[in-house]
Colleague: 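Got a structure for you, questions after.
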Amino acid sequence: MLVIVDMQNRVLDANDKNYVPCAKQLIPKIQQRLEKARDAGEMVIFTKDIPIENKDESEELFGLQIIDEFAPLAGEYVIKKNYYALPPESLINVRALAEEKKQEKKRIEFTGVEANVCVLANVLALQGALPEGNFYIDPDLVTGNQLIEETLELLSKFNIEIKGVSDSK
């Protein structure tokens, strides 16, 4: 399973408060990983961060759309969230889908932005919903504005395999 966290147009917009300067550098790397997932028939989930004040107009706002390079295909899942982590009902749905597709015990890889907030929150939330999964992060496929290395080190303490971190599971 591949989870792409919050790769939306606003993280590429220097005028947006959610701008992540290094996000543009992730695009070709995540594209390559996404193609590999698609070729292998992996379950693909995109999280889409919708601020609560925009929840009713999110479909029209360009900044809140997933960037074109990652346009979800039919059969892939886009899950909206109004806070940092996936809402409980979405976690229940993801668990059911993963069980149906027999992917709940497989590798679950996270990529995307704001490692210290949204990636962190979603990894831990999904780990609670899929405790038998093998969670993995390649540091080359996540970024953020601060505390990236510290966040990855912390996640390794939660049995998340971090490529290149020796304390990982």
Side-chain angles (χ1 to χ4, degrees), residues 1-8 10-12 17-37 40 42-51 66-67 70 72 76-99 101-169:
M1 180 186 308
L2 176 64
V3 181
I4 300 176
V5 178
D6 299 352
M7 289 300 290
Q8 297 162 250
R10 67 188 190 158
V11 301
L12 303 175
K17 69 179 182 176
N18 297 101
Y19 175 58
V20 180
C22 296
K24 189 170 186 141
Q25 297 169 349
L26 283 184
I27 294 172
K29 296 173 187 176
I30 294 176
Q31 267 185 307
Q32 185 177 25
R33 177 61 183 92
L34 178 58
E35 288 305 316
K36 181 179 171 187
E42 288 181 56
M43 185 172 163
V44 177
I45 297 172
F46 297 87
T47 70
K48 192 173 178 184
D49 186 51
I50 308 296
I66 294 170
I67 63 171
F70 304 135
E76 296 177 343
Y77 305 93
V78 177
I79 303 175
K80 297 176 188 176
K81 56 190 185 66
N82 300 118
Y83 205 60
Y84 301 112
L86 296 172
E89 61 274 9
S90 293
L91 293 169
I92 292 167
N93 291 338
V94 169
R95 177 164 181 80
L97 286 167
E99 287 174 350
K101 296 180 179 292
K102 309 243 184 279
Q103 294 199 12
E104 76 275 16
K105 296 179 184 178
K106 293 188 177 185
R107 183 182 207 151
I108 301 165
E109 183 171 354
F110 274 76
T111 66
V113 293
E114 287 306 356
N116 70 312
V117 181
C118 293
V119 172
L120 170 74
N122 286 289
V123 168
L124 294 177
L126 198 56
Q127 188 181 46
L130 296 169
E132 295 174 326
N134 296 310
F135 287 77
Y136 176 79
I137 296 175
D138 180 339
D140 290 337
L141 300 179
V142 296
T143 195
N145 288 324
Q146 59 184 339
L147 302 172
I148 299 167
E149 290 178 26
E150 296 87 345
T151 300
L152 295 174
E153 182 66 31
L154 176 66
L155 283 169
S156 75
K157 306 295 185 211
F158 285 90
N159 293 322
I160 310 298
E161 181 184 347
I162 310 295
K163 182 179 176 183
V165 176
S166 61
D167 288 342
S168 301
K169 180 175 159 184

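Being a predicted model, the structure only gives us computed values, none of them experimental. Atom set for the values below is all heavy atoms of this structure, side chains included, hydrogens, waters and symmetry mates excluded.
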Colleague: Please report the shortest heavy-atom distance between Leu120 and Leu155, naming the atom on each side.
Modeller: CD1-CD2, 3.5 Å

Colleague: Is Glu35 close to Gln32 at the side-chain level, that is, under 4.5 Å between some pair of heavy atoms?
Modeller: no

Colleague: Does atom OH of Tyr19 have more than 12 heavy-atom neighbours from other groups under 6.0 Å away?
Modeller: yes

Colleague: Can you name the closest pair of heavy atoms from Ala98 and Met1 and give their distance?
Modeller: CB-CE, 3.8 Å

Colleague: Taking all non-hydrogen atoms of both residues, which atom of Gly133 and which atom of Ile108 are closest, and how far apart?
Modeller: CA-CD1, 3.9 Å

Colleague: Tell me if the CD atom of Glu149 is crowded by more than 12 foreign heavy atoms within 6.0 Å.
Modeller: no

Colleague: Do Asn159 and Phe135 have side chains that get closer than 4.5 Å, going by heavy atoms?
Modeller: no

Colleague: Say whether, by atom type as modelled, one donor and one acceptor occur between the side chain of Glu161 and the main chain of Ser156 under 3.5 angstrom.
Modeller: no

Colleague: Go through it in stages, so that I can follow the logic: the residues are Cys118 and Lys81, the test is side-chain contact (heavy atoms from CB on, under 4.5 Å), and I'd like the CA-CA distance, side-chain angles, deciding distance and then a yes or no.
Modeller: CA-CA 10 Å; Cys118 293; Lys81 56 190 185 66; 3.6 Å; yes

Colleague: Taking the side chain as C-beta and beyond, is there a heavy-atom pair between Lys17 and Pro51 under 4.5 Å?
Modeller: no

Colleague: Could you pull out the closest heavy-atom pair between Val113 and Val119, with the gap in Å?
Modeller: O-CG2, 3.4 Å

Colleague: CZ of Phe46 to OH of Tyr77: how many Å apart, nearest 0.5 Å?
Modeller: 12.0 Å

Colleague: Can you confirm whether Gln8 sits close enough to Asp49 that some side-chain heavy atom of one is under 4.5 Å from a side-chain heavy atom of the other?
Modeller: yes

Colleague: Return the OG1 to CD1 distance between Thr47 and Ile66, rounded to the nearest 0.5 Å.
Modeller: 8.0 Å

Colleague: Verify side-chain contact (heavy atoms from CB on, under 4.5 Å) between Met43 and Ile45, making sure each step is shown before the conclusion.
Modeller: CA-CA 7 Å; Met43 185 172 163; Ile45 297 172; 3.8 Å; yes

Colleague: Rounded to the nearest 0.5 Å, what's the gap from CG on Leu34 to CE on Met7? Could you check?
Modeller: 11.0 Å

Colleague: Are Val3 and Leu126 close enough that some pair of their side-chain heavy atoms sits under 4.5 Å apart?
Modeller: yes

Colleague: Can you tell me how far apart CG (Leu154) and NZ (Lys157) are? Round to the nearest 0.5 Å.
Modeller: 8.5 Å

Colleague: Asn18 and Arg10: side-chain hydrogen bond (donor to acceptor under 3.5 Å, both in side chains), yes or no, with the steps?
Modeller: CA-CA 6 Å; Asn18 297 101; Arg10 67 188 190 158; 3.1 Å; yes

Colleague: Quick check on Glu99: does its CD atom have over 12 non-hydrogen neighbours (other residues, nucleotides or ligands) under 6.0 Å away?
Modeller: yes

Colleague: Once you round to the nearest 0.5 Å, how far does OG1 of Thr143 lie from CD1 of Ile148?
Modeller: 4.0 Å

Colleague: I'd like to know if the side chain of Asn116 and the backbone of Leu147 have a donor-acceptor N/O pair within less than 3.5 Å.
Modeller: no

Colleague: Ignoring hydrogens and geometry, is there a side-chain-to-backbone donor-acceptor pair from Ser90 to Leu86 under 3.5 Å?
Modeller: no

Colleague: For Leu141 and Ile30, which heavy atoms make the closest approach, and how far apart are they?
Modeller: O-CD1, 3.8 Å

Colleague: Could you tell me which non-hydrogen atom of Ala115 sits nearest to which non-hydrogen atom of Thr151, and how far apart they are?
Modeller: O-CG2, 3.2 Å

Colleague: Could you check Glu114 against Asn145 for side-chain hydrogen bond (donor to acceptor under 3.5 Å, both in side chains), going step by step and ending with a plain yes or no?
Modeller: CA-CA 7 Å; Glu114 287 306 356; Asn145 288 324; 2.9 Å; yes

Colleague: Step by step, work out the side-chain contact (heavy atoms from CB on, under 4.5 Å) result for Tyr136 and Ile162.
Modeller: CA-CA 6 Å; Tyr136 176 79; Ile162 310 295; over 6 Å; no

Colleague: For Tyr84, I'd like to know if atom OH has over 12 heavy atoms of other residues, nucleotides or ligands within 6.0 Å.
Modeller: no

Colleague: Taking C-beta and beyond as the side chain, do Asp138 and Thr111 meet within less than 4.5 Å on heavy atoms?
Modeller: no

Colleague: For Glu42 and Lys106: C-alpha separation, side-chain torsions, deciding distance, then whether side-chain contact (heavy atoms from CB on, under 4.5 Å) applies.
Modeller: CA-CA 10 Å; Glu42 288 181 56; Lys106 293 188 177 185; over 6 Å; no

Colleague: Rounded to the nearest 0.5 Å, how far apart are CG of Leu2 and CD of Glu76?
Modeller: 8.5 Å

